[in-house]
2 protein chains.
Amino acid sequence: MPALAERPLPKNFGVCPFVTAQKLLQGKWALLIIHELSSGPKRFGELQRSIDITQATLSSQLKNLEAEGLVLRTAYPEIPPRVEYELTAVGQSFQPVLDAIETWGNGYIDYLHAQNKE
Amino acid sequence: MPALAERPLPKNFGVCPFVTAQKLLQGKWALLIIHELSSGPKRFGELQRSIDITQATLSSQLKNLEAEGLVLRTAYPEIPPRVEYELTAVGQSFQPVLDAIETWGNGYIDYLHAQNKE
DNA sequence: CCGAATCCAACAAGATACTG
DNA sequence: CAGTATCTTGTTGGATTCGG
């Protein structure tokens, strides 16, 4: 059972839901990875191809998400190795946020285009 | 009419809603500031006190949010100076995301506490 | 195929001091 | 009151190389 990193956490982490969420979503890739995994388990290579990200970065991001309890990692002792990633229960409970962000993001994109026409 | 910074934007910004949202919410304070403003216009000093943030940092964060079109800044030419910040229409349309994050954040906090009991 | 190790450039953000 | 200017620090994430 992975625990959160013991590094200095922001004030009010674990108290204020916004501070807490912000900390977890801060990274450049967290949202994208969670979105990819929301459609089901994926292998390491699959993730790397669907997002444009280097191995090193993807690996470290996944490790964070695993430590935070959002992602479950399963390694199959085969040759060649196979590793799958999937959302945990807390990870899956993120779905409504994902949906809200998708809706809003698209609205913001429309807003951007409207700006450019002026 | 403020335009987005002309710096190199992430690939798929303005195309993928998640990439777009991630870029805007990346900062450590964006979510908190938007949350504070969601209850109505606030003055600079008010914001600074309700969040624990230095003047320099708050000032630069607000400038970003303004450039992104999420926040509207109004300066009243008085002595002493008074400046108010409020959400724009796009900023206000962020509310559902805020709500979803609040719900999820609280759920995640519960999850954290449950972990600690084990 | 998956990922660890190392090194490094870029940026975000805090401390502090000063201004209209 | 509401900033700006400057300096310094910390953290991210990318490139590259190596290992099981």
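Source: prediction; values computed, not measured. Letters A, B, ... are given to chains in the order of the sequence lines, protein chains preceding strands, and every chain is numbered from 1.
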Protein-nucleotide distance (B/L58, atom CG; C/dA13, atom P), rounded to Å: 12 Å
Integer-rounded Å distance: C/dC2 P and A/E84 CD: 10 Å
Nearest-0.5 Å distance that lies between atom CZ in A/F13 and atom CD1 in B/I109: 8.0 Å
Minimum side-chain heavy-atom gap B/W104-A/L24 below 4.5 Å: yes
A/R43 side chain near C/dC1 phosphate (N/O to OP1/OP2, under 4.0 Å): no
Length of the line joining B/K23:NZ and D/dT12:P, which is rounded to integer Å: 17 Å
From A/L37 atom CG to A/L62 atom CG, the distance as rounded to the nearest 0.5 Å: 7.5 Å
Below 4.0 Å: OP1/OP2 of C/dG3 and any side-chain N or O of A/R73: yes
Nucleotide D/dA2, atom P - distance to CD1 of B/I51 in whole Å: 14 Å
B/E102-B/N106 side chain donor-acceptor pair, cut-off 3.5 Å: no
Sugar-phosphate, base or nothing in reach of B/Q61, heavy atoms under 4.0 Å: sugar-phosphate
Pairwise distance CD1(B/I51) to CD(B/E46) - rounded to 0.5 angstrom: 11.5 Å
First encountered from the 5' end of DNA chain C, between B/P81 and B/Q26: B/Q26
Protein-nucleotide distance (B/I53, atom CD1; C/dA15, atom P), rounded to Å: 11 Å
A/Q22 side chain to B/G27 backbone, donor-acceptor under 3.5 Å: yes
Euclidean distance, atom OH of residue B/Y76 to atom P of D/dG3 [Å, nearest integer]: 13 Å
Sub-4.0 Å heavy-atom contacts from residues 27-39 of chain A onto DNA chain D, ordered by number: A/G27, A/K28, A/W29
Quick test: give all pairs of protein nitrogen or oxygen and nucleotides 4-9 of chain D nitrogen or oxygen below 3.5 Å, distance rounded to 0.1 Å.
from	atom 1	to	atom 2	distance (Å)
D/dT4	OP2	B/S59	OG	2.6

Value in whole Å for how far the P atom of C/dC2 lies from CD of A/Q48: 9 Å
pair B/L87-B/F94: side-chain heavy atoms closer than 4.5 Å: no
A/L58 and A/I33, any side-chain heavy atoms less than 4.5 Å apart: yes
Sugar-phosphate, base or nothing in reach of A/T54, heavy atoms under 4.0 Å: sugar-phosphate
For atom CD of A/E46 and atom C1' of C/dG3, their distance in whole Å: 17 Å
Touch class at under 4.0 angstrom, heavy-atom based, for B/Y85 against every strand present: sugar-phosphate
Positive for side chain to side chain contact (heavy atoms under 4.5 Å, CB included) with A/R73, one of A/E66, A/K63, A/E86: A/E66
